[in-house]
Amino acid sequence: MRRLDMGEAVALHERFAAPRPGTLHPLYVKADARRDAALQPAYLAYAAQGEHWMHALHLTRVPGTDWLDASSPYGYGGPLSTSDDPGFIEKAWAAYTQWMREQRVVVEYVRLHPVLANERFYGGTVEANREVVLIDLTAHDAVEAGYAPRLRTTLKKAARAPLAYREEPLAPLAAAFGSYYRAAMQAIGADPFYLFDDAYFAQLAGTGLATLGICTLEQGDANDWLAACLLLDGAGLREYHLAGTNAQGRPWGASSFALDQAARVAQRRGARGFYLGGGTDRRPDNPLLFFKSAFSSERLTYRTGATVFDDAAYEELKQLFAQAWQAHPERPIFYRKV
């Protein structure tokens with residue numbers, strides 16, 4: 001197992017078959033670490049007989065100790081591999097766990113990517129978490145062929161407005177989107193964890209993976225946003241990463257219109273899929289899942305992975321953070337929000 005520098009990590013990442021989600025790109029892993037100074041990006045790779053296995057993640061010092069934990073960046077993570085051979089995966093995993101123990105990493109929590117189903121490259125404990133939505137952009141010539149009737153009705157309303165959609169590089173609008181997004185999250189009472197600062201969005205802009213989709217009134221001010229979405233474009237796959245709307249945009253279905261247009265742009269550019277994700281919790285009737293499910297009947301399963309590398313140290317953490325452990329025994333990293 002070898003820790004790669006950024007140039008090596010990017011070069012290896014680009015050797016894996018498409019689709020390659022933007023959330024697994026080394027540049028994204030580095031940019032996402034900007035949201036918390038404690039997060040340290042690490043790019044780990046194993047190679048044997050011409051095959052490669054790679055895991056990009058964040059290492060974090062456990063407060064008050066000399067131990068570390070490991071976690072995926074915001075969104076998704078998990079290993080990539082050029083081979084499905086069980087023998088190769090087993091050797092890669094053995095080398096990985098040895099490296100983690102040598103670095104005093106006690107525990108990790110991984111959000112595996114549903115489109116890749118990359119749990120097959122992961123040797124730890126895997127659990128199904130929730131249903132998520134993918135628009136298969138290769139299934140129909142017209143992307144709307146898979147839309148639910150309720151979404152078609154909403155889009156007709158948007159057409160009567162009429163609404164306009166455009167895509168812009170995130171960089172010149174990072175601060176504007178940051179402000180807009182935080183206002184949208186505060187309006188719905190979101191956890192402060194999700195109120196990313198302007199510097200975070202500036203870092204994402206620097207990856208070259210992020211695009212801003214903007215919805216306005218066709219005859220209105222181009223700076224009067226009714227909805228905005230931050231999209232990540234990896235090889236063969238577009239991801240719906242962050243988004244917001246406002247009171248002016250909701251009556252016109254601005255969020256639905258923006259996603260519809262973003263899907264059409266991705267299809268024209270040759271993407272195989274547009275990954276929308278799931279709800280804010282596991283409930284099948286979650287409102288966000290209901291919203292996304294109108295765009296496609298295709299469901300994937302989002303899974304998580306976890307491994308305790310040092311059982312004795314993990315028991316000590318339970319004692320050290322006893323209140324957190326009692327509150328959240330279901331969380332592998334129970335003493336901080338991951």
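Model, not experiment: these values are computed from the prediction. For this chain, numbers begin at 1 and follow the sequence in order.
Phe257 and Tyr180 sit in two unconnected hydrophobic clusters of ILVMFWY residues. Membership requires side-chain heavy atoms under 4.5 Å apart, directly or through other members. A single hydrophobic cluster is seen to contain both Leu226 and Leu259, as judged by linkage of ILVMFWY side chains at heavy-atom distances under 4.5 Å, directly or through other members. Leu276 and Leu230 fall into different hydrophobic clusters, defined by Ile, Leu, Val, Met, Phe, Trp and Tyr side-chain heavy atoms under 4.5 Å apart, directly or through other members. Taking hydrophobic clusters as Ile, Leu, Val, Met, Phe, Trp and Tyr residues chained together by side-chain heavy-atom distances below 4.5 Å, Tyr240 does not share a cluster with Val132.
The minimum heavy-atom distance linking Tyr165 with Gly213 is given by the pair OH-CA, 3.5 Å. Between Ala70 and Met100 the shortest heavy-atom distance is CB-CE, 3.5 Å. Closest approach of Leu116 to Pro19, counting heavy atoms only: CD2-O, 3.2 Å. Nearest heavy atoms, Leu320 versus Pro63: CD2-O, 4.3 Å. Residues Thr304 and Leu112 share a closest heavy-atom pair of C-CD1, 3.8 Å.
Remark: the backbone N or O of Leu289 is not paired with any side-chain donor or acceptor of Arg130 at under 3.5 angstrom. Proximity of a side-chain donor or acceptor of Gln267 to a complementary backbone N or O of His140 within less than 3.5 Å is detected. The backbone N or O of Tyr109 sits nowhere less than 3.5 Å from a side-chain atom of Ser71 that would complete a donor-acceptor pair. Remark: the backbone N or O of Pro26 is paired with a side-chain donor or acceptor of Tyr43 at under 3.5 angstrom. Here the side chain of Ser179 pairs no donor or acceptor atom with the backbone of Ala175 at under 3.5 angstrom. Under a 3.5 Å cut-off, the side chain of Asn118 and the backbone N or O of Leu80 do not form any donor-acceptor pair. For Thr82 (side chain) and His52 (main-chain N/O), a donor-acceptor pair under 3.5 Å exists by modelled atom type. A donor-acceptor pair is defined here as one N or O able to donate and one able to accept, closer than 3.5 Å; such a pair exists between the side chain of Arg111 and the backbone of Ser72. Here the side chain of Asn246 pairs a donor or acceptor atom with the backbone of Trp225 at under 3.5 angstrom. Although no hydrogens or angles enter the test, the distance criterion places a donor-acceptor pair under 3.5 Å between the side chain of Arg120 and the main chain of Ala117.
Within a 6.0 Å sphere centred on CD of Glu14, heavy atoms belonging to other residues, nucleotides or ligands number more than 12. Enclosure of atom NZ in Lys292 by more than 12 non-hydrogen atoms of other residues, nucleotides or ligands within 6.0 angstrom is indicated. By the neighbour-count criterion of 12 heavy atoms within 6.0 Å, atom CZ of Arg15 is sparsely surrounded, having that number or fewer from other residues, nucleotides or ligands. The number of heavy atoms from other shown groups lying within 6.0 Å of CG (Asp285) is above 12. Around atom CD of Gln323, no more than 12 heavy atoms belonging to other residues, nucleotides or ligands sit under 6.0 Å away.
Between Phe321 and Tyr335, the ring planes lie parallel to each other; the angle is under 30°, not in the 30° to 60° tilted range. Between His55 and Tyr96, the ring planes lie tilted relative to each other; the angle falls in the 30° to 60° range. Ring geometry, Phe196 versus Phe193: the interplanar angle exceeds 60°, so the pair is classed perpendicular (tilted spans 30 to 60°).
A salt bridge does not link Arg104 to Asp310: none of the charged side-chain nitrogens sits closer than 4.0 Å to a carboxylate oxygen. Arg264 and Glu144 are joined by a salt bridge, as a carboxylate oxygen and a charged side-chain nitrogen come within less than 4.0 angstrom of each other. Under a 4.0 Å N-O distance rule, the pair Asp260/Arg152 does not qualify as a salt bridge. A salt bridge links Arg269 with Glu167: the distance from a Lys NZ or Arg NE/NH1/NH2 to an Asp or Glu carboxylate oxygen falls below 4.0 Å. Salt-bridge check for Glu330 with Arg282: failed, with every basic side-chain N at 4.0 Å or more from each acidic carboxylate O.
Applying side-chain hydrogen bond (donor to acceptor under 3.5 Å, both in side chains) to His113 and the options Arg303, Glu119, Arg20, Glu239 leaves one that passes, Glu239.
No hydrogens or angles considered: nothing links the side chains of Glu315 and Gln319 as a donor-acceptor pair under 3.5 Å. In this model, no donor atom of one side chain and acceptor atom of the other lie less than 3.5 Å apart for Thr216 and Asp221. Donor-acceptor pairing under 3.5 Å is lacking for the side chains of Tyr200 and Tyr74.
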**Q.** Residues Thr211, Arg238; criterion side chain to side chain donor-acceptor pair (under 3.5 Å); working and verdict
**A.** CA-CA 10 Å; Thr211 297; Arg238 168 164 277 192; 4.6 Å; no
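In this structure, OG1 on Thr23 lies 6.5 Å from OH on Tyr28, to the nearest 0.5 angstrom.
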